[in-house]
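This report concerns only the one structure given below.
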Amino acid sequence: MTQFVEPAAGADALVPDPIAAGQVVSSTGRFGAIVPRWVRTLFGTRLSLIGLIIFVLIVLSAIFAPLIATHAPSDMNGPLGAAPSWSHPFGTNDAGQDIFSQTLYGGRFSLAVGVMVGLAVTVLAILVGMIAGYVGGWLDDALSMLMNVFLILPGLPLLIVVLAYIGHAADGPVAASALMATVITVTGWAWGGRVMRAQTMSLRGRDFVDAAIINGESTIHIVFRDVLPNMLALIVNTVILSTMGGILAETSLNYLGFGDMTQVTWGTMLFYAQSQSVLFTHEWWCFVFPGCAIALTVMSMILMNNGVDALANPRLRKVRAPKPARMQPAIGPVSSAAGSLETAE
Amino acid sequence: MKYLARRFGFYLLAFWVAVTLNFLLPRLEPGNPLQYLQIRYQAQLQQNPHLLDPLKPVFDTQHGNILIQYVQYLVNLAHLNFGVSFSQYPASVNTIIASALPWSLFLAGSSAILAFLLGTTLGVVVAWWRGKPFDLTVTPLTMFTQSFPAFFGAMLILYFVGVEAGWFPLNHAYDYGVQPGPYIFGLPWSWNFITSVFSHAAMPVAALLISSLGGWLLGMRSVMINTLSEDYVTMAEAKGLSTLRVMFMYAARNALLPQVTSLAITLGYALTSLVLIETVFSYPGLGYQLVNAVLARDYPLMQALFFIIAVAMLIANLIADLTYSLLDPRVGVRSGAR
């Protein structure tokens, strides 16, 4: 589960269509002049805009936690195990800590790990995936082999075993979050690389790449100046999904008790909730609020991602596009269905 | 044949990587894992001073030649000699795995089969009425459940269905008072035992089902939408065949292929999400044992469990590959032509 969620089946076989992108942009409001075109494009649908707003609110509440929170996160001065009330809107846990403040502060660690993982996975995926997909040959064989081996190893158990040996090494919130983000990135980057590789391979056969080669452009220039901009939707996709995967992995690991248990994170809140058996003493607020914070974050990211998906894959849009009459089958009998398997090879 | 040979080669490589990781990871630990074990488990070592001997090749990172240690480790592995568990002394690691594995397979298998049947059927229906109210409610909902943090979902189920409503037992795999009863074909068949097992499995299976249902539904939906635009489906509709017949016998039948192969792969992934679900419900499977082994720093047990889980993933994927090349002959041809 904590393995990163792959984009919808077949998304890797499809190419973002600049013409389709134009259609979404047309409905922009008065922010049109300020916001760059590609941002408008990515968040042009209503659902993805809702997702963006929720996500920004969550991030802001984590950043400004010291201003919003009513108590210090580890302050144990409240009543023990009190239900939600005016003075403690989310209640308190068995140690007398305020759940509302903890949920606000807890987001800092979880979101920081998520964002670090999201960026690191994307950079790694772009580098490895594009080199493999563009250069081809033995290099592609070797890199694909590497990615497939990483994909087939069980993600969460591997994370757990790695952390069992080195998890105690980190000291303090910065080191702990960096260590966790590193481990999650190293064990979980491969799916992104595979998706990038497939996309690069399909773009490599396009006429504009041939034109660039004939023009005498350098390989690096072609890869990063000609091919990369065409993968924008996919890159945003990867950032969003791997950030989400990072948050889920972090909360899962901390929930199981394998992180730095002195940090206040959504995961450790759930860990302490479970270990103090609040479920059996009916103190539901101890686990429902941090859990809902995770769920809400994940949901906002899925909404954003769906907006990007709809952009990259016109077939996923709700409005039934006119049947591409005789042109589509020529690509291949099972083009998108086999896409996921073809890359598995 | 060339395709199959390549695949087997890949799985051998992946197997070797898993095995070698298991050997190398203890070397990442700052300090000496063996010393740690000696200090922490003094009591067990006084009873049996030879306890650490089978572990030396892997965990004695300070002494000896690493190559010789590696060979010794491989020899131990080939004999499936994982040593004795420290945290559950004097049980051998093999006994613990033998008692945990069936429970995990039972949970993963039953939830994967249920999710496959339910998710695929719903996916067909949703794709057929794409853009209609049913699709517009069910599809976004499953997109959400798919990425919903599985352990939080499990905690919600445990709390509201188990603790508050009291419908199902809260933890473990069966009531310890129940006699497993007469064994036939190596399996216990006492009625009380079977009902006890099923009622204990209900909530974990439901939690796994919810987290994996979305993948099936969305996968089937997207393939099905492609299939629905094929000419033969239009033809079948034009002939006046009943909706159900066109839906399942014509369109779904051809969209099913990628799903069948995902079944084996999800079985592998289910084994990993089991870690979380089993912990929430204290269900005595591989994942629960892994978490406890790591928390107790029971290195031998932890190592063996990771090995078994990795092998299970490999086998599930291998089965998926074989099935696919059997069902779709084009697979072998396509990569053979490269």
Side-chain angles (χ1 to χ4, degrees), chain A residues 1-3 5 8-10 47 145 148-149 152-158 160-166 169 244 248 251-252 255-258 270 273-274 279-280 282 284 287-288 291-292 294-295 298-299 301-302 306 315-316 318-320 323-324 328 333-334 336-338 340-342 344-345, chain B residues 10 13-14 17-18 21 25-26 28-30 33 130-131 136 143-144 146-152 155-156 158-159 163-164 170 211 218-219 222-223 225-226 229 255 257-258 261 268-269 271-273 275-276 279-280 290-291 294-295 297 302 305-306 309-310 313-314 317 324 330-331 334-335:
Chain A
M1 179 259 5
T2 39
Q3 271 300 64
V5 182
L47 279 179
M145 189 77 97
N148 288 331
V149 168
I152 212 168
L153 292 176
L156 186 61
L158 180 61
I160 291 173
V161 173
V162 173
L163 280 177
Y165 292 115
I166 60 168
M244 192 177 92
L248 283 173
T251 47
S252 306
Y255 161 71
L256 292 173
F258 298 138
L270 291 173
Q274 173 104 356
L279 273 71
F280 306 113
H282 302 275
W284 54 268
F287 77 97
V288 165
C292 282
I294 304 170
V298 169
M299 189 188 73
M301 308 196 81
I302 293 176
N306 283 348
R315 271 184 288 183
L316 289 177
K318 282 180 196 127
V319 186
R320 194 179 278 251
K323 269 189 198 178
Q328 200 68 15
V334 280
S336 74
S340 51
L341 202 96
E342 177 188 41
E345 188 264 317
Chain B
F10 168 71
L13 179 84
V17 169
L21 266 181
L25 284 178
L28 282 179
E29 172 157 333
R130 184 158 77 119
L136 293 183
M143 281 179 187
F144 181 56
Q146 189 191 13
S147 301
F148 196 77
F151 57 99
F152 179 51
M155 286 172 97
L156 286 176
L158 176 62
Y159 182 73
V163 177
E164 291 293 327
L170 303 177
S211 68
L218 297 176
S222 73
V223 183
I225 285 171
N226 286 338
S229 62
L257 193 60
T261 55
Y269 280 118
L271 275 174
T272 74
S273 58
V275 173
L276 292 161
T279 309
V280 173
L290 178 69
V291 170
V294 174
L295 289 178
R297 293 245 218 156
M302 178 179 102
L305 284 167
F306 178 72
I309 293 175
M313 279 282 277
L314 290 180
N317 277 278
Y324 204 93
R330 282 172 304 189
V331 174
R334 278 159 63 103
S335 36

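Just so it is clear: chains get the letters A, B, ... in the order the sequence lines come, proteins before strands, and each one is counted from 1.
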**Message:** Quick check on Val17(B) against chain A: is it the side chain, the backbone, both or neither that has a heavy atom closer than 4.5 Å?
**Reply:** side chain

**Request:** Work out which heavy atom in Tyr165(A) is nearest to a heavy atom in Pro26(B); give both atom names and the distance.
**Result:** OH-CG, 3.5 Å

**Request:** Please look at Leu305(B) and chain A and tell me whether the side chain, the backbone, both or neither of the residue comes under 4.5 angstrom of a heavy atom of that chain.
**Result:** neither

**Item:** Any Val161(A) side-chain heavy atom under 4.5 Å of Met302(B) side chain
**Value:** yes

**Fill in**
So, the part of Leu256(A) with a heavy atom under 4.5 Å from chain B: the answer is both

**Request:** Over 60° means perpendicular and under 30° means parallel, so classify the ring planes of Phe151(B) and Tyr255(A), tilted if in between.
**Result:** parallel

**Heavy-atom proximity to chain B below 4.5 Å, by part of Leu158(A)** = both

**Asked** Do Phe148(B) and Ser211(B) have side chains that get closer than 4.5 Å, going by heavy atoms?
**Response** no

